[in-house]
Amino acid sequence: MTVFKIYMKIAKKNMWMILLYLAVFFVVTVMFQGFAGADVENYAAESIPVGIVDKDGSAVSESFAQYIGRTNKVVRLEDDKEALQEDLFYRNVDYIIWIPEQFMEKCILGDDKVQVTAVPGSYTGSYVEQQISNFLNFARVYGAAGFTEDEISKAMSERKTAEVELVDFSGNAGRTPAYAYFYRYLPYLFLSVLCYVLGYILIGFRRGSLPGRMQASAMPARVQTIQGLGAAGTLALGLWGICSVSVLLLYGRDFLGNGRADWYLMNSLVMLLCALALAFLVGSLVKSPNALNGITNLLGLGMCFLCGVFVDMDYMSKGVRKAAQFLPVYWYENVTVILTAHRNIEGSVRIEVLEGIGIQLVFAVVFVCLTLAASREKNRSYI
Amino acid sequence: MMIEIENLVKRYGNTLALDHFDLNVKEGEIYGLLGPNGSGKSTAINCMLSLLKYDRGSIRIMGEEMSPDNYRVKSQIGIVMQDVAVFEELNVYDNIDCFCSLYVRDRKKRKEMVEDAIRFAGLEEYRKSYPKKLSGGLLRRLNIACGIAHRPKLIILDEPTVAVDPQSRNRILEGICELNRQGSTIVYTSHYMEEVEQICTRIAIMDHGKNIAIGTKEELKSMIKTGETVTIEAVILGVDDLAEIRELPHVFDLHYEDQKLVVKCTRAKHNLLRILNYLQEKDIPFGRVFSELPTLNDVFLEITGKRLRD
């Protein structure tokens, strides 16, 4: 197992780099997950203190006050200009609504507007304005239909918010689960670590006359190749294992209970194969560790930016999206998006997922063929 | 016979690297392949090791046809490449162990062999050092240790002393003789004639991809006309004097420039004395005097008309 051991020893020499990439990956994942999750966690309907000066005192005006009070805190105020200004100044209320006398005639049956005053620079007033507008629109419809004041009041009091039937295809209640972020950024880790470590090892094996010494040795070239592939596979599977165990440790119940864990794992495994094949191609072409560093960053970051890992594909132009289709990470991300959006991977969804995974496998085969062609070109002088 | 090469032809495009090259190395020899850069030494070695395809000819090592998959023969060969071929990421011990393990599976036996190789190369103090921390000489010694740790029957060393300080060079040459005493047959390529002369029992001089002379150093030197070269400094001679010296017995060539006279004589007794007697008789004063026996460079010069390091 000489070649296998050499692979492992050289990989061990790069352990710090592997750990660094892992750390960057986990930090980026947790950070993005935090940013994206924050919006969802903090969302709530805005409730503001609204002062109402009811000069009408009718059933309709009362119904109007109650309507506004459904989502806001209503404070009844006297029509005292100084007192009202003080209330606004001390922020006892953010918004004041004057309900005029003959509210029904002027504002519902007529075209008069309801007089309002808001705290200068406050944006929350727009929500209240929308609610006022909603009430008046409905009340005007009832009024036009010949409803009396009491009937309008009763109808508006009984009016409920529209019921919406939410069909949750993803099973995530409209939220992106945390493990989806983890799988989204995984290609960056795979590409960076495998391209760097394998590239470094392969450069080591090609240094100076080493290929000659290895080929002239008593160990058959076939055995050397098998051991090398075995070592590379072990390293790659080790990386995948670390990631999979991390998912289980971090999101265990959520991840296993989503019904798509096997698909996520399969997709990431195929992406791993792709990254491994690409790493062999890079390692067989790059000559120096410095160049390897540059190319690893270019491939890792470049592919991830283009293919929607760091920036959603929705923000990309059509041209970029078209170009990204020629990269395996695009198809990986496509599958990840589908898996996040659908709880049941069946029918056309299943076909789409399998297509994505299949295309990644095709990319892996292409990379292997290119690597073999490059190696053959380099070893042409050797038997 | 350890190595039998017959009629080997190797072309790189239109360049003929080996031109019907023949080589016969007997068991127990230290066989030197001497030739200037580009004469075909490394190509011949690479063909021997099946690292290069060749166009014509045959190579037999230890009585067997050499081929890329003849691992039985390969397991008996140790190679030391012209460029240092070690893993920069492994320390001295691990490097030797790694290359030894390509030949020897038994861990206990291998450990013993690696320790012997470390002692042989004088790398005891550097076993934990990485190649980048070693000097050029130490690196060359590590390169050799990696090639010989598995105690091969045949050791092929391709210019192992290039860019090595004299102290390390002597140590390497002594080591090669020691390996030969222990039973290994050595094939040693170099363009340093002094090294080849110092250690090789038989020598092939190569030029333009073929052997131009083969034999022991004595045999090679006897192939040429020059038996002795006499050099006399600070001597003022006229045209008549030079003509008379040229007529002395056994003198076949002379060169006079900047008051320095170089006389080439055939193999004979008292060549130096005869020239000095002439100067004394003519009362011609002179400075320092040297007498040199022919070197392999003289052999090469006389056969090819050019110097080894041209």
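Computed over heavy atoms, backbone and side chain alike; hydrogens, waters and symmetry mates excluded. Throughout, a chain's letter reflects where its sequence line sits, starting with A, and its residues are numbered from 1.
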_Heavy-atom contacts under 4.5 Å, residues 188-204 of chain A to chain B_ = A/Tyr200, A/Gly204
*Considering only heavy atoms, give the residues of residues 97-120 of chain B separated from chain A by less than 4.5 Å, sorted numerically, with 'none' for an empty result.*
B/Cys98, B/Phe99, B/Ser101, B/Leu102, B/Tyr103, B/Arg107
*For A/Ser209 and B/Ala85, which heavy atoms make the closest approach, and how far apart are they?*
C-CB, 3.8 Å
*B/Gln182, CD atom: more than 12 neighbouring heavy atoms under 6.0 Å*: yes
*asked:* Working to the nearest 0.5 angstrom, can you tell me the gap between B/Leu90 CG and A/Lys9 NZ?
replied: 6.0 Å
*Is there any residue in residues 299-307 of chain A with a non-hydrogen atom under 4.5 Å from a non-hydrogen atom of chain B, and which ones are they?*
none
*Taking atom OH of B/Tyr126 as the centre, report whether more than 12 heavy atoms of other residues, nucleotides or ligands fall under 6.0 Å from it.*
no
*If we only count heavy atoms from C-beta on, is the A/Arg213 to B/Val86 side-chain gap below 4.5 Å?*
yes
*Which region of A/Ile6, side chain (C-beta onward) or backbone (N, CA, C, O), has a non-hydrogen atom less than 4.5 Å from a non-hydrogen atom of chain B, or is it both or neither?*
side chain
*Pick one of side chain, backbone, both or neither for B/Ile79, based on which atoms fall under 4.5 Å of a heavy atom in chain A.*
both
*Heavy-atom distances under 4.5 Å only: say whether B/Asp158 touches chain A with side chain, backbone, both or neither.*
neither
*asked:* Counting neighbours of CD on B/Glu178 that are heavy atoms of other residues, nucleotides or ligands and sit closer than 6.0 Å, is the number greater than 12?
replied: yes
*Checking A/Arg207 side chain against B/Phe87 main chain: does a donor-acceptor pair fall under 3.5 Å?*
no
*Region of A/Lys12 in contact with chain B, defined by heavy-atom distances below 4.5 Å*: neither
*Looking at B/His150, B/Glu89, B/Lys74, B/Gln76, which makes the most heavy-atom pairs under 4.5 Å with chain A?*
B/Glu89
*With a 4.5 Å heavy-atom cut-off (strictly below), which parts of residues 217-232 of chain A touch chain B? List them by number.*
A/Ser217, A/Ala218, A/Met219, A/Pro220, A/Ala221
